[in-house]
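Working notes, structure below.
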Amino acid sequence: MGLQTSNVIIQVNGKAHTLVAGSTIEQLIEQLGMQGQRVAVEHNQDVIPRSEYPHVALKSGDRVEIIRAIGGG
Amino acid sequence: MSKQDLLTIAGRDFQSRLLVGTGKYQDMAQTGEAIRASGAEIVTVAIRRTNIGQNADEENLLDVIPPDEFTILPNTAGCYTAADAVRVCRLARELLNGHTLVKLEVLGDEKTLYPDVPATLEAAEQLINDGFEVMVYTSDDPIAAQRLEQMGCVAVMPLASPIGSGLGVQNHYNLMTIIENANVPIIVDAGVGTASDAAVAMELGCDGVLMNTAIAAAKNPVLMASAMRKGIEAGREAFLAGRMPRRRFASASSPLEGTFWQSGS
């Protein structure tokens, strides 16, 4: 990634996660190997539609939740 | 049974009056097999964090119960505040591509898992204003049930007894009152333990029964799913048929005329 790269630390599902500064939600999902999976994303408690993933850049301290459906009554 | 006896919720028609959960099964294969054996068309799921960095190939529940085959009913299980329940529903709507039918439950405490009715009313109002179609878990309080209906919930789902207790219908008379008052489907949600409990709920005139543990915690969940399907159908038919009146003393089934012996009173 060249010379400039600085990192940011965000919280993903409650755990610290390091990303290259300027990464988007789309890039985060790719980095986690979750592309195409049935998940939904919340960014600082706002639900982010799938179509917005490439347009939301993550900043230090952001809180991201990636959720899915599991067994339940 | 007549194919015309449909369960209609928020304009959608269903043949099955059994709604099932997907929790507590051994594995995904058993989940899928039991749900198919139950004949249920409406299937509840919980919304939780993904496991980051683990089991990337882990099977997704929505592949086992595909949303194009089943009506997926995301629940707010585990929420103790209205705000948390609303947050879960908004994420579920995104997860399921704009699907607005949800099962709202706002719990009061861990011991009883009884609903917090004031918080449930608050969450229902916010969700309805946000365009959700709310099927709501509530207590067997007829006034609470009426308030939730008046507010615009598409189905009201009183408990038969505490979630996961298997104690069956504990308050027949309250359920009867709730059913008599209602203009939306009344679905018993929680407390059923075995097929006869499901039949009892249906005989009271409930429109359906939602259950999870009674199937998943049976020794043979797939067989119990099949039993529940039959219990629901039997109870529904008995309700439609109209049971005989109860009487305290006997009434002979065989004619009294034409006997050719002398004994008897």
Side-chain angles (χ1 to χ4, degrees), chain A residues 1 5-73, chain B residues 19-28 30-31 35 43-53 56-58 60-67 72-78 83 87-98 103 105 113 137 163-164 189-190 210-216:
Chain A
M1 289 293 285
T5 51
S6 59
N7 290 331
V8 293
I9 297 176
I10 64 169
Q11 295 284 316
V12 181
N13 289 1
K15 287 184 185 150
H17 190 88
T18 305
L19 281 175
V20 173
S23 296
T24 62
I25 289 179
E26 179 161 81
Q27 287 163 326
L28 170 66
I29 296 281
E30 276 170 24
Q31 194 187 92
L32 296 171
M34 301 177 90
Q35 316 91 297
Q37 290 191 14
R38 294 184 203 255
V39 296
V41 174
E42 198 188 64
H43 174 232
N44 296 335
Q45 296 212 15
D46 287 328
V47 175
I48 306 298
R50 234 154 287 172
S51 58
E52 293 297 313
Y53 291 177
H55 309 303
V56 179
L58 297 163
K59 301 180 307 296
S60 194
D62 280 359
R63 284 163 296 126
V64 174
E65 295 290 343
I66 307 175
I67 64 86
R68 60 179 172 155
I70 65 157
Chain B
L19 295 73
V20 297
T22 51
K24 299 184 179 173
Y25 286 99
Q26 258 171 29
D27 52 36
M28 289 286 183
Q30 192 188 57
T31 309
I35 283 158
V43 179
T44 65
V45 302
I47 302 297
R48 292 292 183 271
R49 284 173 164 166
T50 53
N51 293 321
I52 302 291
D57 302 328
E58 194 179 24
N60 190 302
L61 178 62
L62 296 180
D63 295 329
V64 178
I65 45 159
I72 306 297
L73 189 62
N75 71 27
T76 62
R87 187 179 172 196
V88 167
C89 288
R90 288 183 175 146
L91 271 166
R93 178 169 59 186
E94 171 60 21
L95 178 69
L96 297 166
N97 302 316
K103 171 181 161 177
E105 55 180 288
L113 297 180
Y137 166 67
I163 294 173
D189 180 4
L210 198 168
M211 64 179 75
N212 186 347
T213 308
I215 298 174

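What's counted below: heavy atoms across the whole structure, side chains too, no hydrogens, waters or symmetry copies. Fair warning: this is a prediction, and the values are worked out from it, not measured in the lab. First the proteins, then the strands, lettered A, B, ... as listed; each starts at 1.
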Measure distances from B:Leu210 to the heavy atoms of chain A and classify the residue's part below 4.5 Å as side chain, backbone, both or neither. side chain
Just how far is it from atom CD1 of A:Ile66 to atom OG1 of B:Thr50, taken to the nearest 0.5 Å? 5.0 Å
Segment of B:Lys24 engaging chain A (4.5 angstrom heavy-atom cut-off): neither
Please determine, among B:Leu62, B:Val45, B:Val43, the option with the most heavy-atom pairs under 4.5 Å with chain A. B:Leu62
Chain B heavy atoms under 4.5 Å from A:Glu65: which part of the residue, side chain, backbone, both or neither? side chain
Which region of B:Thr31, side chain (C-beta onward) or backbone (N, CA, C, O), has a non-hydrogen atom less than 4.5 Å from a non-hydrogen atom of chain A, or is it both or neither? neither
Donor-acceptor list for residues 28-35 of chain A side chains, cut-off 3.5 Å, not counting sequence neighbours:
unit_1  : atom_1 : unit_2  : atom_2 : d
A:Gln31 : OE1    : A:His17 : NE2    : 2.6

Give me the atom names and distance for the closest heavy-atom approach of B:Arg49 to A:Arg68. O-NE, 3.5 Å
Using the rule side chain to side chain contact (heavy atoms under 4.5 Å, CB included), only one of B:Asn60, B:Leu61, B:Leu96 pairs with A:Arg38; which is it? B:Asn60
Rounded to the nearest 0.5 Å, the CZ atom of A:Arg50 sits from the CG atom of B:Asn97 at a distance of 5.0 Å
Hey, what do you get for CD1 (A:Ile48) to CG (B:Leu91), rounding to the nearest 0.5 Å? 10.0 Å
Using every non-hydrogen atom in the two residues, find where B:Glu105 and A:Gly73 come nearest and quote the distance to one decimal. OE2-O, 4.2 Å
Nearest 0.5 Å please: distance from the CG atom of A:Asn13 over to the CZ atom of B:Arg48. 12.5 Å
Could you pull out all residues at least two apart from A:Asn7 that satisfy side-chain contact (heavy atoms from CB on, under 4.5 Å)? A:Thr18, A:Val20
Identify the heavy atoms of A:Ile70 and B:Thr22 that sit nearest to each other, and give their distance. O-OG1, 3.9 Å
Nearest atoms (heavy-atom pairs only) where A:Gly71 meets B:Ala46: O-CB, 3.9 Å
Which heavy atom in B:Glu94 sits nearest to a heavy atom in A:Val47, and how many Å separate them? CB-CG1, 3.5 Å
